[in-house]
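Taking it in order: structure first as structure tokens, then the write-up.
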Amino acid sequence: MDNGQIAAVFDQIADLLEFQAANPFRIRAYRNAARTIRDLPEPVAAIAADSGRKLTDIAGIGKDLADKVATLLRTGSLPMLDELLAEIPPSVLALLRIPGLGPKRAALLFRARNIATLDQLRAACESQQIRTLKGFGAKTEQAILAGIDLAVRAAQRIYWADAEPIACALVEHMRSARHVEQMEMAGSYRRRKDTVGDLDLLVVSERAADVMDCFGRFASVVEVLARGATKMSVRTAGGLQIDLRVVPAESFGAALQYFTGSQQHNVMLRAIARQRGLKINEWGVFRTRDDGSQEQIAGRTEQEVYAALELPCFPPELREARAEFEWAKAGPLPQLIQLDDIRGDLHAHTDASDGQATLAQMIDAARQRKLEYLAITDHSKRVTMAHGLGPARLRRQWATIDSLRKNRSDIRVLKGVECDILEQGGLDLPDEVLADADWVVASIHYGQNQSRARITQRILGAIENPHVSAIAHPTGRLINRRRPYEVDLEAVFAAARRHHKLLELNAHPSRLDLDDVACAAARQHGIPIVIGTDAHSTDGLDAMRYGVLQARRAGLTKEDVANTRTWDQVQRLLGRRRQPRQ
DNA sequence: GCCGTTTTCGGCCCGACTGTTTTCAGTCG
């Protein structure tokens, strides 16, 4: 079992325990363990197999959970989970996805009315059986009915790139409200997470009611879910929830820190505060005086809040309770990469394969974006749907690039290709063709359902080919649409390091592949990441910023990313000395 | 279930809002 599978088991146990109203701290222990293992930069199996290390060395893994991990690794199953599933049908967990219905009341529905599916719950609400239960009323019944339809949709988080225009429009709209003194988006949106479940807006104002009125008039709002003195929640026509908090200026930093999260980061921060005899909440950092009264010692800015705990003001992208607190202890935080650091794009398509723009248009667009170099990497012939290029067409394209180069000294256009890694192994173009390319990215588009061993072998084969420069979208995931294929990333890292090959962070918002955790792991292996847009149009080149944001979440610096270098430096990174042909 | 310069028990982040209550439990972030 890999880390993701083990994490999924622990998460499921946590769900089921929650249903049983087990000790909430025990539940948290399982959730913590799931998150820790999922975010681990190496396979937990490797730690278990290493006689010099122990699973209990991992924070949050004690003797019991270490035993459970070992059992999962050895047998692929866990008796405890089987017992829980014998008591609770897994379908009841769907009830927890209904907004406002948590584990306590969902468990009551199951016990008192034997409701185990969304359909049964709908029927029970419609026949008004639910309102007779203790803790439920007519209003709850209506809320549940409305929530059932949302349950499926709400489970899906939207791409960060799709949240951005909504967030920008919201901020623009709120600027029209009078009495808004400060304003900032918070939550996973501010942490630049690849997907966003809801939006959080924080406002400083003395006139909360006026601000909330304005918020309610935001164009796409269709429903007000809640409205109190400081907090208001709405839902948009698209089903996205947006939360507003109005706070006084002296609490803005504390509230921004708090609502930016992540929740796990906040839990760790609270624990650190507690160790120092301080209390931290969304209103500020407080010290208890000898007479028992509370004194606020920070809260106006985030810097102030972190400084009160003798911590650096973590960039929001790092606040995931992964390694950031360790980094802070060890010294200054890494200087995260910025969009300005990027010098070139090494993954782009033209209308020769499935891109929309011509070669000349793509080059123009890259030049407008001040790129120093652009690799044209159309698909190879195996990708028939994309009108992939065989050797003859490819060489013709390269000849065109050669002629264009003569007229353009302001941008270096590289003769590249995105060469398919074939189902049976091997590459889609002969070596003598690849040898004439400046830059070759290899990737998998077919045979994604093959076994882990098979897919890993195919990728290792590509890495070993001397003409391949990088592996593109190495796990094949499409966020919300397709799971990553089974691949032994550890083996890929080892091979990439041995053969001086790069791994791509594909910047397309639906890919972002490698993801942040895998990029951090690649960094630990000393493998440079190349951020490529995979642009299929001129606008597609703008996706670079999404890739950079994801790289920041991985803690990558300018030095960790290959295409912050000049093209000559990138070549040296690959162990090649030859200059591109002019 | 984890953890320990308050160390093997007794803690574990903390507050806002809603609905169903009549002082609070459940849910959410």
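Below, all heavy atoms of this structure are taken into account, side chains as well, without hydrogens, waters or symmetry copies. Model, not experiment: these values are computed from the prediction. So you know, we letter chains A, B, ... as the sequences are listed, proteins then strands, and number each from 1.
- Rounded to an integer number of Å, the gap from A:D200 CG to B:dC28 P is 15 Å.
- Comparing B:dT6 with B:dG1, their P atoms are spaced 27 Å from each other, to the whole Å.
- Taking the nucleotide of DNA chain B with the nearest heavy atom to each of A:I58 and A:Q275, the more 5' of the two is matched to A:I58.
- In this structure, the CD atom of A:Q241 is 18 Å from the P atom of B:dA16, given to the nearest Å.
- Each of A:L101 and A:R26 was matched to the nucleotide of DNA chain B holding its nearest heavy atom; the match closer to the 5' end belongs to A:R26.
- Every residue meeting the side-chain hydrogen bond (donor to acceptor under 3.5 Å, both in side chains) condition with A:H508, not counting sequence neighbours, appears here in chain and number order: A:S510.
- Both tests do not hold together for A:R31 against A:F10: distance to the six-membered ring centre under 6.0 Å, angle to the ring axis within 45°.
- Base pairing of B:dT8: no nucleotide in any strand meets the Watson-Crick or G-U wobble criterion (both distances under 3.5 Å).
- If you check every strand for non-hydrogen atoms under 4.0 Å, A:E282 touches sugar and phosphate atoms only.
- Nucleotides B:dT23 and B:dC17 are separated by 16 Å at their C1' atoms, to the nearest Å.
- Using a 4.0 Å cut-off, some side-chain N or O of A:R274 falls inside it from OP1 or OP2 of B:dC12.
- Contacts of A:N32 with the nucleic acid, taken as non-hydrogen atoms under 4.0 Å apart, are absent.
- For the pair A:K68 NZ and B:dC2 C1', the interatomic distance rounds to 12 Å; values are reported in whole Å.
- Distance check on atom P: B:dC2 versus B:dC13 gives 16 Å, rounded to whole Å.
- Counting only residues at least two apart or in different chains, salt bridge (Lys or Arg N to Asp or Glu O under 4.0 Å) contacts with residues 123-138 of chain A comprise A:R131-A:E141.
- Remark: P of B:dC2 and CG of A:D57 are 14 Å apart, rounded to the nearest angstrom.
- Nucleic acid contact class of A:P103 (heavy atoms, under 4.0 Å, all strands): sugar-phosphate only.
- If you take CG of A:N281 and P of B:dC14, they are 8 Å apart, rounded to a whole angstrom.
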Can you give me the N/O atom pairs linking the protein to nucleotides 17-21 of chain B at distances under 3.5 Å, or say none if there are none?
from: B:dC17; atom 1: OP1; to: A:A229; atom 2: N; distance (Å): 3.1
from: B:dC17; atom 1: OP1; to: A:T230; atom 2: N; distance (Å): 2.8
from: B:dC17; atom 1: OP1; to: A:T230; atom 2: OG1; distance (Å): 3.2
from: B:dC17; atom 1: OP1; to: A:K231; atom 2: N; distance (Å): 2.8
from: B:dT18; atom 1: OP1; to: A:R227; atom 2: N; distance (Å): 2.7
from: B:dT18; atom 1: OP1; to: A:R227; atom 2: O; distance (Å): 3.2
from: B:dG19; atom 1: O3'; to: A:T140; atom 2: OG1; distance (Å): 3.0
from: B:dT20; atom 1: OP1; to: A:G137; atom 2: N; distance (Å): 2.6
from: B:dT20; atom 1: OP1; to: A:G137; atom 2: O; distance (Å): 3.3
from: B:dT20; atom 1: OP1; to: A:T140; atom 2: N; distance (Å): 3.4
from: B:dT20; atom 1: OP1; to: A:T140; atom 2: OG1; distance (Å): 2.7

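- The distance from atom CD1 of A:I88 to atom CD of A:E83, rounded to the nearest 0.5 Å, is 12.0 Å.
- Note on A:I27: nothing from the nucleic acid sits closer than 4.0 angstrom, heavy atoms only.
- Distance CE/A:M185 to CG/A:L256: 11.0 Å, rounded to 0.5 Å.
- Looking at residues two or more places apart in sequence or on another chain, you find no side-chain hydrogen bond (donor to acceptor under 3.5 Å, both in side chains) involving A:R26.
- The residue A:A59 sits close only to the backbone: its heavy atoms come under 4.0 Å of sugar-phosphate atoms, none of a base.
- Across all strands shown, A:Y30 has heavy atoms under 4.0 Å from sugar-phosphate atoms exclusively, and none from any base.
- Spacing between atom CZ of A:R28 and atom C1' of B:dC28 amounts to 15 Å, rounded to whole angstrom units.
- The distance from atom CZ of A:F25 to atom P of B:dC14 is 10 Å, rounded to the nearest whole Å.
- The CG atom of A:L244 lies 9.5 Å from the OG atom of A:S205; values are rounded to the nearest 0.5 Å.
- Listed candidates were B:dG1, B:dG15, B:dC13. Nearest to the side chain of A:K279 is B:dG15.
- If you take CD of A:Q263 and C1' of B:dC14, they are 10 Å apart, rounded to a whole angstrom.
- For A:Q257, the side-chain hydrogen bond (donor to acceptor under 3.5 Å, both in side chains) criterion is met by A:N266, A:Y306, not counting sequence neighbours.
- For the side-chain hydrogen bond (donor to acceptor under 3.5 Å, both in side chains) test, no residue two or more places apart in sequence or in another chain qualifies with A:R300.
- One finds a side-chain N or O of A:W283 lying less than 4.0 angstrom from the OP1 or OP2 phosphate oxygen of B:dA16.
- Counting non-hydrogen atoms under 4.0 angstrom, A:L269 reaches nothing in the nucleic acid.
- Residue contacts shown for A:N266 are absent, as no nucleic acid heavy atom lies under 4.0 Å away.
- Nucleotides B:dT27 and B:dT20 are separated by 13 Å at their P atoms, to the nearest Å.
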